[in-house]
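Below you'll find the structure, written out as structure tokens, and then a few comments.
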Amino acid sequence: DQLTTKGALLLPSRLDAGDLQRIIKLCGGRSLALLTEGESGITPALQSAIRSSGLSQFPRMDEHSRETVAAAVEKGTLVLCIPPAVQSRRATNVLIPRDYLTDIAGYQLPTQCIGVEHPQENALDVEDRSSLPACVFQLSPLLPGADATPAALQQALISAHAEAYASRAT
């Protein structure tokens, strides 16, 4: 699938500083803003990448964030969700806490999930890691706001990640 041409929330299955730069590039100059966590919820490297990006930021926990984000999406802006950092097992495909998905679903905005796969991190011992790309993205179809339930978001994230994994060069 292609990146939506309309305003929407973009929800990656995981996000690190390098992924942020790659997603900015993927957006190709489109109007892009960030739905951010407090600094305690993300890694120092990602904090630094967010600051250096120069993009507008909407704090997710702000009491007016839903209205602000909805207005931006209505104007055609892509709003990239910056999920909180979580601890997980190696090769976990979706690093988004359930309560975060529930909150994002509450925005009731069109949402496009991005499966993010890091082949070099998740390579089998028999694979030559240096021959694998650092990152592979796969976009889900756009979910209309009314359909963006926590379960639908989780399914879209898992499916997009599975497609990213399956499409990587081996």
L80 versus P12: any side-chain heavy-atom pair under 4.5 Å? yes

Linking I/L/V/M/F/W/Y whenever any side-chain heavy atoms sit under 4.5 Å apart, do L142 and L9 land together? no

Is any side-chain heavy atom of E37 less than 4.5 Å from a side-chain heavy atom of Y100? yes

I82 vs L35 side-chain heavy atoms within contact, under 4.5 Å: no

Could you list all the salt bridge (charged side-chain N to carboxylate O under 4.0 Å, His left out) pairs where at least one residue sits in residues 102-116, not counting sequence neighbours? R60-D103, R66-D103

Starting at CG of L153, measure out to CD1 of I158 and round the result to the nearest 0.5 Å. 11.0 Å

Close side-chain approach of I96 to S13, heavy-atom, < 4.5 Å: no

Side chain of T111, backbone of L109: donor and acceptor closer than 3.5 Å? yes

Looking just at side-chain N and O atoms, do E117 and H161 make a donor-acceptor pair shorter than 3.5 Å? yes

Is any side-chain heavy atom of V79 less than 4.5 Å from a side-chain heavy atom of L32? no

Picking from I23, L78, I114, what satisfies side chain to side chain contact (heavy atoms under 4.5 Å, CB included) with L3? L78

Counting only heavy atoms not in E74, do more than 12 fall under 6.0 Å of its CD? no

Would a 4.5 Å heavy-atom cut-off, applied to side chains only, mark F58 and L34 as touching? no

Within-4.5 Å side-chain heavy-atom neighbours: I104 and C81: yes

Please check this pair: side chain of Q47 against backbone of I42, looking for a donor-acceptor N/O pair closer than 3.5 Å. yes

Within the structure provided, determine whether T43 and D16 are in side-chain contact (heavy-atom separation under 4.5 Å). no

For R22, salt bridge (Lys or Arg N to Asp or Glu O under 4.0 Å) partners two or more places apart: D19

For S31, give me all partners under side-chain contact (heavy atoms from CB on, under 4.5 Å), at least two apart in sequence or on another chain. T77

Let me see the working for S159 and E163 under side chain to side chain donor-acceptor pair (under 3.5 Å), right down to the final yes or no. CA-CA 6 Å; S159 295; E163 289 180 35; 5.7 Å; no

